[in-house]
Undergrad: 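Starting off with a structure, shown below.
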Amino acid sequence: MTETSTLGPVRSTSRRDPNRAHPTSTYTSLLASIREEGLLQRSRVFYMSLLATLVLALGGCIAGFILLGDSWFQLLIAAALGIVFTQFAFLGHEASHRQVFESGKANDRLGRILASGVAGLSYSWWMTKHTRHHGNPNQIGRDPDIDPDTVSFYDADAAATRGWRAAIVRRQGYLFFPLLTFEGVNLHVHSIGHIFGRGKVDRRWLEITLVVARLAVVVAAVFLVLPLGMAFAFLGVQLAVFGFYMGAAFAPNHIGMPVIPAGTKLDFLRKQVLTSRNIIGGTWATVVFGGLNHQVEHHLFPSMARPHLARARAMVREHCRIEGIDYTEQTVGRSYINVIQYMNRVGLHARDPFNCPALGNLRRV
């Protein structure tokens, strides 16, 4: 059934009053059904095949980089590397959720190698931040993904912005996707700040070695092979594609979905389903989004392997229909439109303190 809300058209299975009592046993029964179907079993053949494919893709990029030499076609290699590094980051994300191996240590080992040694991001920083997000998605004060940043994700934060940040927030919907081209740099900066910071870092020296070595190898190779200007362009394109791809893959997951006020209590099932959005698209969407297109199922069953998410979707949809819980899924285009509309709507709260509303009304007349 399709409904229209202030967030745009969404597909919903809600048929009951969402404000009625919500027993916590409803998630337990769903989990039991998922287990009976074998959907929480690991899929090592899939992940080893995926890893082998990504290693071959990375090898192809390296070979192309060496063979092309001093050529502006290197920027195509840079863009391809941005995509391949993002796919490695997706796989590292899945390892961090214990989706690949039964052993937690084996998953951590793989996740750290892929995140820190290949993508150049701190695995410890990601784990700390992402674990908090999964526990309380879209909840003010508890989800680090909606904490104040360059942009604002909820009205109160937008209203509190001042100066250059307020100027960005007022137009943040239109600026959101262009700003994602800087997200690659932002992720590397946060990672380096974390591993060299004073806070606790799991396996600090190993992460420092992996992250620094990876960044040094990439930078050294680029500047040794390419002329100065081309080298900077290469790194700029690679980081821009990496940041844009990462941001565009994660943006539809929760942006534009309900934001939970601080202190609000919700049962696990509703907290995860109501704040998450799925992307319609089948196999191609699962490949492009690294399984994040099944965001609802991923949040309900974080350790579920990617190949099982599509099968779980039908069971979760039906369970939500019976329980009267809004289950949201949209096409990728509709989801991005909703992201822009929501960000612009939040941005309206970042008013210029020197702007007179009455004068603005007179000007429009």
Side-chain angles (χ1 to χ4, degrees), residues 6-7 18-19 21-24 26-28 30-31 93-94 96-98 111 115 121-161 165 169 172 176 183 186-187 189-191 193-194 197-202 246-247 249-278 292 294-304 316 320 323 325-328 335 338-339 342-343 345-347 349-350:
T6 57
L7 302 180
N19 296 312
H22 305 309
T24 57
T26 182
Y27 174 73
T28 304
L30 174 60
L31 180 60
H93 164 251
E94 289 170 287
S96 75
H97 280 294
R98 310 295 191 259
L121 306 178
S122 168
Y123 182 71
S124 175
W125 168 71
W126 173 262
M127 283 288 287
T128 301
K129 176 176 180 289
H130 201 59
T131 299
R132 291 172 56 206
H133 159 71
H134 263 266
N136 297 280
N138 267 21
Q139 183 157 17
I140 297 173
R142 304 191 71 179
D143 182 0
D145 284 0
I146 62 171
D147 282 348
D149 203 338
T150 303
V151 296
S152 294
F153 296 100
Y154 54 93
D155 299 347
D157 177 54
T161 58
R165 184 169 174 249
V169 170
Q172 65 179 11
F176 184 72
E183 183 62 15
N186 185 48
L187 291 171
V189 169
H190 277 293
S191 293
H194 177 77
R198 294 183 177 181
K200 180 182 178 181
V201 179
D202 184 37
M246 285 280 283
F250 281 91
N253 299 349
H254 304 284
I255 298 177
M257 299 305 293
V259 173
I260 303 173
T264 301
K265 300 294 184 181
L266 283 177
D267 66 87
F268 179 79
L269 180 63
R270 283 160 180 77
K271 179 165 58 176
Q272 302 299 337
V273 175
L274 294 176
T275 60
S276 301
R277 175 196 288 116
N278 277 9
L292 296 174
H294 295 291
Q295 191 65 198
V296 174
E297 290 70 34
H298 171 61
H299 263 258
L300 289 175
F301 316 106
S303 65
M304 182 178 289
V316 174
C320 288
E323 294 298 321
I325 304 172
D326 286 344
Y327 180 102
T328 302
S335 70
N338 283 355
V339 167
Y342 175 79
M343 296 297 284
R345 190 158 52 248
V346 171
H349 292 79

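Index from 1, following the sequence.
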Undergrad: May I have the step-by-step check of side chain to side chain contact (heavy atoms under 4.5 Å, CB included) for K271 and K265, ending in yes or no?
TA: CA-CA 9 Å; K271 179 165 58 176; K265 300 294 184 181; over 6 Å; no
Undergrad: The test is side chain to side chain contact (heavy atoms under 4.5 Å, CB included); show your working for H133 and R142 and say whether it passes.
TA: CA-CA 7 Å; H133 159 71; R142 304 191 71 179; over 6 Å; no
Undergrad: Kindly indicate, with the supporting measurements, whether the criterion side chain to side chain donor-acceptor pair (under 3.5 Å) is fulfilled by S152 and D157.
TA: CA-CA 6 Å; S152 294; D157 177 54; 2.7 Å; yes
Undergrad: I'd like to know if the side chain of T161 reaches the main chain of A158, judged simply by a donor and an acceptor atom lying under 3.5 Å from each other, with no hydrogens or angles considered.
TA: yes
Undergrad: With rounding to the nearest 0.5 Å, note down the distance linking NE2 in H194 to NZ in K200.
TA: 10.5 Å
Undergrad: Which residues satisfy the side chain to side chain donor-acceptor pair (under 3.5 Å) test with E183, sequence neighbours excluded?
TA: N186
Undergrad: What distance separates L266 CG from Q139 CD, expressed to the nearest 0.5 Å?
TA: 7.5 Å
Undergrad: Closer than 3.5 angstrom, by distance alone: can the side chain of E323 be matched with the main-chain N or O of C320 as a donor-acceptor pair?
TA: no
Undergrad: Provide the closest heavy-atom pair for F176 versus A251 in the form atom of the first, atom of the second, distance.
TA: CE2-CB, 3.8 Å
Undergrad: When rounded to the nearest 0.5 angstrom, what is the spacing between CD1 in I260 and CZ in R270?
TA: 12.5 Å
Undergrad: What I'd like to find out is whether the side chain of M246 reaches to under 4.5 Å of the side chain of L187, using heavy atoms alone.
TA: yes
Undergrad: Starting from the C-alpha separation in whole Å, work towards a yes-or-no answer on side chain to side chain donor-acceptor pair (under 3.5 Å) for H134 and Q272.
TA: CA-CA 8 Å; H134 263 266; Q272 302 299 337; 5.2 Å; no
Undergrad: Can you confirm whether Y154 sits close enough to P148 that some side-chain heavy atom of one is under 4.5 Å from a side-chain heavy atom of the other?
TA: yes
Undergrad: How about R165: does its CZ atom have over 12 heavy atoms from other parts shown lying under 6.0 Å from it?
TA: yes
Undergrad: Relative to each other, are the rings of W126 and H130 parallel, tilted or perpendicular (30° and 60° limits)?
TA: parallel
Undergrad: Without swapping roles, check the side chain of H349 against the backbone of D155 for a donor-acceptor pair under 3.5 Å.
TA: no
Undergrad: Less than 6.0 angstrom separating the ring centers of H299 and H294, yes or no?
TA: no
Undergrad: Show, in sequence, the C-alpha distance, side-chain angles and deciding distance for F153 and I255, and conclude whether the side chain to side chain contact (heavy atoms under 4.5 Å, CB included) test is met.
TA: CA-CA 7 Å; F153 296 100; I255 298 177; 3.7 Å; yes
Undergrad: Using a 3.5 Å distance criterion without hydrogens, assess whether the side chain of S276 forms a donor-acceptor pair with backbone atoms of V273.
TA: no
Undergrad: Hey, could you give me the OG1/CE distance between T328 and M257, rounded to the nearest 0.5 Å?
TA: 3.5 Å
Undergrad: Quick one: pull up CG in L274 and CG in L269 and give me the separation to the nearest 0.5 Å.
TA: 8.0 Å
Undergrad: Between the side chain of N138 and the main-chain N/O of P258, is any donor-acceptor distance below 3.5 Å?
TA: yes
Undergrad: In Å, rounded to the nearest 0.5 Å, how long is the span from NE2 of H298 to OG of S303?
TA: 10.0 Å
Undergrad: Looking at every heavy atom in both R277 and S335, which two are closest together, and how far apart are they?
TA: CD-CB, 3.7 Å
Undergrad: Got a sec, which residues hit ring-ring contact (aromatic ring centres under 6.0 Å, His included) with H190, two or more places apart in sequence or on another chain?
TA: W125
Undergrad: List the residues meeting side chain to side chain donor-acceptor pair (under 3.5 Å) with E297, not counting sequence neighbours, and say none if there are none.
TA: N278, Y327
Undergrad: Can a salt bridge be assigned to the pair K129 and D145 using a cut-off of 4.0 Å between side-chain N and carboxylate O?
TA: yes
Undergrad: For a side chain to side chain contact (heavy atoms under 4.5 Å, CB included) check, start with the C-alpha distance between V346 and Q172, then their side-chain angles and the critical distance, and finish with the verdict.
TA: CA-CA 9 Å; V346 171; Q172 65 179 11; 3.8 Å; yes
Undergrad: Check whether any side-chain N or O of S122 sits under 3.5 Å from a backbone N or O of S191 as a donor-acceptor pair, and report yes or no.
TA: no
Undergrad: With a 4.5 Å heavy-atom cut-off, do L31 and F301 have their side chains touching?
TA: yes
Undergrad: Assign the ring pair F268 / Y27 to parallel, tilted or perpendicular, where the plane angle (0 to 90°) is split at 30° and 60°.
TA: perpendicular
Undergrad: Write down the atom of T150, the atom of V169, and the distance for their closest heavy-atom approach.
TA: O-CG2, 3.7 Å
